[in-house]
Protein chains: 2
Amino acid sequence: MSSDETDGGREGSIAHRVPDLGALELLLAVARLGSLGGAARELGITQPAASSRIRSMERQLGVALVDRSPRGSRLTDAGALVTDWARRVVEAAAAFDAGAQALRHRRDSRLRVAASMTIAEYLLPGWLLALRSQRPDTAVSLLAGNSTTVAEQLLSDEADLGFVEGLSVPPGLDSTVIAHDHLIVVTAPTHPWARRRRPVPATELASTPLILREKGSGTRQVLDAALGGLARPLIELSSTTAVKASAVSGAGPAVLSELAVGEELSTRRLVRIPVEGLTLARDLRAVWPTGHRPTGPARELLSLTRG
Amino acid sequence: MSSDETDGGREGSIAHRVPDLGALELLLAVARLGSLGGAARELGITQPAASSRIRSMERQLGVALVDRSPRGSRLTDAGALVTDWARRVVEAAAAFDAGAQALRHRRDSRLRVAASMTIAEYLLPGWLLALRSQRPDTAVSLLAGNSTTVAEQLLSDEADLGFVEGLSVPPGLDSTVIAHDHLIVVTAPTHPWARRRRPVPATELASTPLILREKGSGTRQVLDAALGGLARPLIELSSTTAVKASAVSGAGPAVLSELAVGEELSTRRLVRIPVEGLTLARDLRAVWPTGHRPTGPARELLSLTRG
DNA sequence: CAGAGACATAAACTGGATTTATGAGCAGTG
DNA sequence: CACTGCTCATAAATCCAGTTTATGTCTCTG
C-alpha cells in the first residue's frame with residue numbers, strides 16, 4: 001500500500017503519470033500571473049475549472065504546487081521546480097505544433113519551405129516558432145526530403161526557400177551558410193571506447209565497424225569523404241533515430257550529427273568519443289534558385305537562422 | 001473560412017492543437033513496432049482504441065501519419081517527421097515524470113538527494129531517468145535548495161548525496177567535480193550588442209547595467225568574483241526564468257548559465273554575446289559528508305553524472 | 001482454401017473535465 | 001465600519017472524448 005497505484009509494478013505509459021499539456025500550460029500561466037482566476041481567463045476557461053485542474057494535478061503528483069490566498073496564488077518551492085520542468089514539456093509541444101502546422105500544405109501559405117531531414121527535425125521547429133512570434137500571420141508550409149528533392153522543389157517553384165546539409169550545393173541554386181554541424185562519434189557508456197583516455201585515431205575509426213546511416217545520406221557522405229570512402233558499416237540504418245537506439249543499446253560506436261544527440265549526451269545514455277586527426281564538419285545552408293534572392297517571409301525566416 | 005477553427009484568431013492554448021501525451025506515446029509505439037495492434041497491446045489498450053486515436057490525431061493535424069495495410073502499419077514521410085518531434089515532447093514528459101516522482105518524499109526512498117536549483121532544474125531529471133533505466137526499483141526523493149540548505153540536509157543526515165554549483169564547497173563536505181558550467185552573456189537579438197562584431201571587453205561588461213539574479217545566488221557569486229565585485233544590476237530577479245524572460249523582452253544583457261539558455265539560443269530568442277578577458281566558469285560538484293563516501297544507490301547515481 | 005494476423009466500423013459505456021451558481025475570506029476606500 | 005472588488009472553494013448538472021465489446025474485411029501463407 002505504497003500509495004494508490006495498483007499497477008503492480010508494470011511500467012505503463014508515462015501519460016498516466018504526467019498531467020496533460022493543458023494542465024501544464026495552466027500551471028505556467030498561474031506562475032506568470034500569480035492568480036488562478038487570471039490564468040483561467042487567459043486560457044479561456046472558468047476559474048473553478050482552473051482551480052480543480054490545479055488541484056487534481058497536485059493530487060496526481062503528490063505535492064502542493066501553489067499557495068492559495070484570498071489575494072492571489074504563488075508557487076511553492078516544489079511548484080517552482082515543477083513549473084520549470086513543465087515549461088520544457090510545453091516548449092517541446094510548441095515546437096511540435098509549429099512543425100505540424102507547417103506540414104499540412106495550405107494553398108494560402110505565404111512561405112513554402114523545403115528542408116532536408118536533419119534540419120527539419122532539429123532546427124526548423126525552433127525557427128518556425130521564432131517566425132511565428134515575429135510575424136504571427138505568416139502561414140508556412142513544409143516539405144521535408146533530401147538535398148535532391150529540396151533542389152527539385154525549389155527549381156520547380158514548389159518551394160520558396162530550402163535548407164540542405166550536404167557537402168555541396170545542388171546545381172542551379174544559390175546558398176548561404178547558416179550554421180555549422182559536426183558529426184561526432186558516440187557509444188553507450190558501457191562501450192570500451194567510453195573508458196579510453198586518449199582520442200581514437202582516425203585510422204582506428206576507419207577500421208572499426210560502425211553503426212551508420214545508409215549510403216547516400218548526408219551524414220554518410222560527410223563521413224565517407226572525411227575517411228576517404230573507407231567507412232566500415234557494422235549496421236546500416238535508415239533513420240537517425242534507429243542509429244541512436246542501436247548505439248544506446250550498446251551495439252557499437254555510431255557516427256551522428258551533434259544536433260541529434262544533445263539529449264542523449266546530457267542524460268549519459270550516450271558518450272562522446274573524441275577522434276584525432278579528423279574533422280567531421282559540414283555546413284548547413286539555406287538555398288534558393290539562382291538569382292531569386294529570398295524576399296518577404298523567406299527573407300524574414302532566413303534572417304532568423306543566422307546571427 | 002480558412003478551415004474549421006472558429007477561434008477568430010485568438011491564439012488559444014497549444015494544448016488544443018497538439019495531441020495529448022498518450023497519443024504521442026502511442027505514435028512512438030506504432031513507429032517502433034510497425035503495428036497498431038502491437039502498439040495497443042504494449043500500452044494496455046485495445047486495438048480499436050489505438051486505431052481511433054491515431055485516426056483522430058491525423059484528423060487533428062491534417063496529415064496522414066501511418067500507411068495502414070493488412071499486414072501492418074508504417075509511418076508516412078510526414079509521420080516520421082511528426083514522430084521525431086513527438087519524441088522530444090515525450091522525452092521532456094519523461095524527465096518531468098522522473099523529477100516529479102522524486103519530489104514527493106516517500107519514507108521508503110532508498111536515495112535522498114539534495115540539489116541546488118540550477119542542477120535540479122536542468123540536469124537532475126536526466127540523471128534520474130538514467131538511474132531509473134539502470135535500477136528501476138530505486139526510489140529517489142529530491143530536496144531542492146541553495147548550497148547552504150544542501151549542506152544542512154547532508155550534515156543532518158536528511159540527504160545521502162548533494163549537488164552544488166557554487167565556487168566553494170561548504171565546510172564539512174567532501175566533493176568531486178562532475179561537470180563544468182559556463183556563465184554566458186545573452187541579449188535579445190534586437191539589442192545593439194547582438195550586432196557587434198567584436199567581443200565585449202570585460203571592463204565594458206562591468207560598467208554596463210545587467211539583468212542579474214539576486215545577490216547571494218550561485219550565478220551572481222561567480223560573476224561578482226570574476227568582475228571583482230563590480231557587477232552592476234539593471235534589475236535583480238529571483239529566478240532564472242524571470243531573468244530569461246526579461247532578457248528576451250529586450251530589457252538588456254543578462255548573465256546566465258549556459259544550461260539555462262540552450263533552448264532560447266537555438267530558437268534565436270536570445271543571442272550569445274562573446275566577452276573578452278573574462279572566464280565565467282564554475283564547477284558543478286557532487287558533495288557528501290566528509291568521510292561518508294557515497295555507497296549503494298548514491299554511488300550509482302554519482303557514476304551516472306560523470307564521464 | 002482455411003487460418004492467422006492486421007485494421008475498420010458500429011454501438012454502448014464510462015469517467016473526467018467543464019460550466020453554472022453560489023459562498024466565503026481578505027484588502028483597500030470613503 | 002460597511003461597501004466594493006478581488007481572490008479561491010464547493011456543489012450539482014452537463015457534456016464529450018476515449019474506451020470496450022463485437023463483428024466484418026482484407027491479405028498473405030501454408
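Naming: A, B, ... by sequence-line order, numbering from 1 per chain.
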Whole-Å gap separating P (C:dA17) and CD1 (A:Ile54): 12 Å
What's the CG-C1' distance between A:Leu33 and D:dC8, to the nearest Å? 15 Å
Whole Å only: how far is the CD atom of B:Glu42 from the C1' atom of C:dA6? 17 Å
Please determine whether a side-chain nitrogen or oxygen atom of A:Ser52 lies at a distance below 4.0 Å from atom OP1 or OP2 of C:dA17. no
Candidates D:dT19, C:dC7, C:dC26 - which lies nearest the side chain of B:Ser73: C:dC7
Side-chain donor-acceptor contacts of residues 72-83 of chain B below 3.5 Å, not counting sequence neighbours, with atom names and distances?
residue, atom, partner, partner atom, Å
B:Thr76, OG1, B:Ala64, O, 2.8
B:Thr76, OG1, B:Leu65, O, 3.1
B:Thr76, OG1, B:Gly79, N, 2.9
B:Thr83, OG1, B:Gly79, O, 2.6

Between D:dA17 atom C1' and B:Ile45 atom CD1, what is the distance in whole Å? 13 Å
In whole Å, I'd like the distance from the CZ atom of A:Arg59 to the C1' atom of C:dG16. 10 Å
OP1, OP2 of D:dT19 versus side-chain N and O of B:Arg53: anything below 4.0 Å? yes
Side-chain N or O of A:Arg41 versus OP1/OP2 of D:dT7: is the shortest distance under 4.0 Å? yes
Considering only heavy side-chain atoms of A:Pro48, the closest of D:dT10, D:dC8, D:dT19 is D:dT10
Using a 3.5 Å distance criterion without hydrogens, assess whether the side chain of B:Ser246 forms a donor-acceptor pair with backbone atoms of B:Val243. no
From the options D:dT21, D:dA9, C:dA6, select the nucleotide whose nearest atom is closest to the side chain of A:Arg55. D:dA9
Any side-chain N or O of B:Ser51 less than 4.0 Å from the OP1 or OP2 oxygen of C:dC7? no
Between C:dT19, C:dC26, C:dC7, spot the one nearest the side chain of A:Pro70, thanks. C:dC26
Write down the distance between CG (A:Leu36) and C1' (C:dG25), rounded to a whole number of angstrom. 15 Å
With hydrogens left out and only the distance checked, is there a donor-acceptor pair under 3.5 Å joining B:Gln47's side chain and the base of C:dA8? yes
Set out, in order, the CA-CA distance, both residues' side-chain angles and the distance that settles salt bridge (charged side-chain N to carboxylate O under 4.0 Å, His left out) for A:Asp137 and A:Arg132, then state yes or no. CA-CA 7 Å; A:Asp137 296 329; A:Arg132 181 186 290 180; over 6 Å; no
Just the rounded figure in Å: distance from P of D:dG18 to CG of B:Leu26. 12 Å
Mark yes when over 12 heavy atoms from residues, nucleotides or ligands other than B:Arg110 sit less than 6.0 Å from its CZ; otherwise mark no. no
Verify the contact: side-chain N or O of B:Ser35 to OP1 or OP2 of C:dC7, cut-off strictly under 4.0 Å; return yes or no. yes
Check against salt bridge (charged side-chain N to carboxylate O under 4.0 Å, His left out), B:Lys244 and B:Glu264: CA-CA 9 Å; B:Lys244 275 201 287 188; B:Glu264 281 75 11; 3.4 Å; yes
Starting from C1' on D:dC8, measure out to CZ on A:Arg74 and report it in whole angstrom. 17 Å
Tell me which nucleotide among D:dT20, C:dC7, C:dT18 gets nearest to the side chain of A:Ala49. C:dT18
Let me know, please, whether B:Gly37 or A:Thr46 comes out on the 5' side of the other along DNA chain C by nearest nucleotide. B:Gly37
Could you check whether any side-chain heavy atom of A:Leu24 comes within less than 4.5 Å of a side-chain heavy atom of B:Phe96, counting everything from C-beta outward? yes
Report yes if a side-chain nitrogen or oxygen of B:Arg68 is closer than 4.0 Å to either non-bridging phosphate oxygen (OP1 or OP2) of C:dA6; otherwise report no. no
